[in-house]
2 protein chains.
Amino acid sequence: MAFQEKLTTHIECESCPIRHRAVCAKCDVDELELLADMKYYRTYDAGQTVIWSGDTMDFVASVVEGIATLSQTMEDGRTQMVGLLLPSDFVGRPGRDEAAYDVVATTRLTMCCFRRKPFEELMENTPHIGQRLLQMTLDELDAAREWMLLLGRKTAREKIASLLAIIARRDATLNLISPKGKVVFDLPLTREAMADYLGLTLETVSRQISALRRDGVIELEGKRHVTVPQMSRLLDETGDDTDGGVFA
Amino acid sequence: MAFQEKLTTHIECESCPIRHRAVCAKCDVDELELLADMKYYRTYDAGQTVIWSGDTMDFVASVVEGIATLSQTMEDGRTQMVGLLLPSDFVGRPGRDEAAYDVVATTRLTMCCFRRKPFEELMENTPHIGQRLLQMTLDELDAAREWMLLLGRKTAREKIASLLAIIARRDATLNLISPKGKVVFDLPLTREAMADYLGLTLETVSRQISALRRDGVIELEGKRHVTVPQMSRLLDETGDDTDGGVFA
DNA sequence: AACCCCACTTGATGTCGATCAAAGCACTGA
DNA sequence: TCAGTGCTTTGATCGACATCAAGTGGGGTT
C-alpha cells in the first residue's frame with residue numbers, strides 16, 4: 001500500500017538522497033554535477049520549527065537524516081499533522097514560493113537544500129527529475145488518501161493500531177525483526193504528535209496504547225520501546241484488509 | 001487555497017479538456033493530433049460505479065461533464081470519500097494498472113479516456129504533459145491535506161459549513177452570484193454522499209444543515225437548493241482563516 | 001387519485017472520545 | 001539529594017456525534 005511504500009523508502013546514497021529520489025536511477029554525471037553546485041545542508045534540533053506556514057520558500061529540500069512532521073494549524077490552535085517526512089522525502093513545491101504547512105523537526109534533522117529557481121530550471125532541462133517528482137507526489141497523494149480513511153472512519157483503537165503497524169512494518173523492512181518473528185521498534189513520536197497525526201487527544205492515545213498492551217497485542221518497555229509479538233494480531237486491529245501481507 | 005483552486009477550474013476546450021489540463025498552454029498542434037488519435041468518450045448514468053477499486057485500469061481519463069466521487073471502502077462497509085471529480089479533473093495514474101479507489105458517477109458523467117500505454121509513451125516524449133500532471137497532482141495533494149485537517153479536527157458544524165463554502169465559492173466564480181451578493185446553488189450531492197465526504201453520518205449532516213438554516217446562515221428551498229445570504233457568515237462557521245477572501 | 005419509493009428530517013437514547021484534573025516517572029541541573 | 005520540568009498515565013465526568021427508530025414530503029407510476 002502507498003503509505004507503507006512511502007515509509008519503506010530510505011537513503012541509498014550517502015551524499016545526497018535527492019539524486020536518487022528526484023533525479024532517479026537514470027541520472028547521469030552531468031545532472032549530479034549540476035545538483036552539486038546548487039545544494040547546501042542545514043541541520044535542526046529536535047523540536048525546532050524548520051518552516052512556518054506562510055513563510056517564503058526560496059528553496060526545495062530533501063530529508064537526509066531524521067524525522068520531521070508537516071502540519072496545519074487552525075486559528076484557535078487545533079492542529080492536524082498532514083504528513084511525516086522521513087529520510088529521502090522531498091519538501092517544497094516547484095512553482096510556489098509560500099510554504100503551505102509548518103515543518104517541525106521531531107528528531108535532530110538534516111536536510112539537503114536546493115535554491116528553488118535553479119532547481120526549477122534544472123527540472124525544465126531534465127525530464128527525469130520531473131518524472132521522479134511526479135511519482136513521489138502520486139505516492140504521497142495515495143498516502144494522504146489512505147490517511148483520510150483513517151481520520152474519517154476509524155475508531156481510536158484502529159487508528160493507533162494502524163499507526164503502530166505502519167511504523168512496525170517500516171522498521172521490519174529495515175531488518176529489525178527479531179529471530180522469532182517479533183517486531184521491535186522505538187516510537188519516533190511523542191503521544192501528542194501521535195494524537196495530532198491521528199486526529200485524537202494525547203490522553204486517548206495513551207489510553208488506547210495501554211489497552212492494546214493490556215490485551216497483549218503489544219508489549220511496552222518504557223514509554224517508547226514497543227514489541228509486537230504477533231504482527232497478525234496487530235494487523236487485525238487496524239480494520240484494514242490484511243490479505244497478502246508479509247506477516248499473515 | 002488549494003481545495004478551492006481545484007474546484008474553480010473548468011473546461012476551457014470544447015472537444016477535450018485533457019489538452020488543457022494535461023498538455024498545458026504550451027501544447028502545439030502535433031500534441032493535439034497525437035491525443036486525438038488515442039482518445040474515446042464514455043458516458044455513465046448517475047449512481048453508476050465507473051471503476052471498482054482493484055479493477056485493472058488500461059486507460060487514464062479526464063472528466064468532461066458531470067461529477068464523480070473517489071472513495072475508499074473498508075471490509076465492513078464503512079466508506080470515506082477521498083476526492084471529488086469535477087470537469088477537467090484527471091483520473092488514473094500513469095505507471096499503475098490497478099485502480100486504488102472506487103469511482104462513482106454522482107450525476108450523469110462523460111469522461112474522455114486515453115489508452116494508458118500510448119498515453120505513457122506520449123508523456124515520455126512530451127514533457128509538458130508530465131509537468132502539467134505534476135502541477136495537478138500537487139494541487140490534489142494540497143486539497144487532500146486540507147481535507148485531512150477537516151476530517152481530523154473540525155466539528156460537524158464546521159465540516160458542513162466548509163463543504164457548503166467550497167461549493168458556494170466554486171459556483172460563485174462560475175458567475176452564479178445573484179445581484180445583492182447572495183450566492184445561490186444546488187447541492188450536487190446527497191446527504192449520504194456529503195456524510196461520506198465529511199466523515200459523518202447522514203443524520204448528523206441533516207441535523208447540522210437544519211441548524212445552519214435555523215440560525216439564518218443559509219436558506220433552503222426544497223432539499224438541494226441553497227441560498228447563502230451573507231458569504232462572510234458562512235465562512236465564519238468554517239473555522240478557517242478568512243483573511244483575504246473575496247467575500248470578506 | 002392512490003400508491004410507493006426514496007431522500008430526507010426529526011426524536012430518543014447510547015457511547016466513544018474529549019475535557020478537566022491529578023498523579024507518576026524519568027531526567028536535569030543545582 | 002531534591003526540586004523542577006516535560007512526558008505520560010489514569011480517573012471522573014461531560015458532550016458531540018452515532019445509532020436506532022419513526023415519521024415527512026415530493027416525484028413518479030399505475
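Proteins get letters first, then strands, A, B, ... in listed order; numbering begins at 1 in each. For the numbers below, each heavy atom of this structure counts, side chains included, while hydrogens, waters and symmetry mates do not. Please read these numbers as outputs of a predicted model, since none were measured by experiment.
- No donor-acceptor contact under 3.5 Å links the side chain of B/Gln208 to the base of D/dC17.
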Practice prompt. Would you sort out whether A/Ile51 and A/Phe59 count as a side chain to side chain contact (heavy atoms under 4.5 Å, CB included), showing the intermediate values?
Written response: CA-CA 11 Å; A/Ile51 300 158; A/Phe59 63 94; 4.2 Å; yes

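- Side-chain contact between A/Leu220 and A/Ile209: present, with at least one pair of heavy atoms (C-beta onward) separated by less than 4.5 Å.
- The residue among A/Glu203 and A/Ala156 whose nearest nucleotide of DNA chain C lies closer to the 5′ end is A/Ala156.
- For B/Arg207 against D/dT19, a side-chain N or O and a base N or O form a donor-acceptor pair under 3.5 Å.
- Side chains of B/Tyr101 and A/Arg145 form a contact here, defined as non-hydrogen atoms less than 4.5 Å apart.
- Distances shown here put every side-chain N or O of B/Thr204 at or beyond 4.0 Å from the OP1 or OP2 atom of D/dC17.
- When distances are taken from the side chain of B/Arg213 to each of C/dT10, D/dA18, D/dT8, the shortest belongs to C/dT10.
- Nearer to the 5' terminus of DNA chain D, by closest-nucleotide assignment, is the contact made by A/Arg191 (compared with the other of B/Arg157 and A/Arg191).
- Separating the CG atom of B/Leu220 from the P atom of C/dT9 is a distance of 7 Å, rounded to the nearest angstrom.
- In the set D/dT8, C/dC8, D/dA12, C/dC8 carries the atom at the smallest distance from any side-chain atom of B/Arg224.
- In this structure, the NE2 atom of B/His225 is 20 Å from the P atom of D/dG25, given to the nearest Å.
- Around atom CD of A/Glu192, no more than 12 heavy atoms belonging to other residues, nucleotides or ligands sit under 6.0 Å away.
- Under 4.0 angstrom from either OP1 or OP2 of D/dT10 there lies at least one side-chain N or O belonging to A/Ser210.
- One can find a donor-acceptor pair under 3.5 Å joining the base of D/dC7 and the side-chain atoms of A/Lys223.
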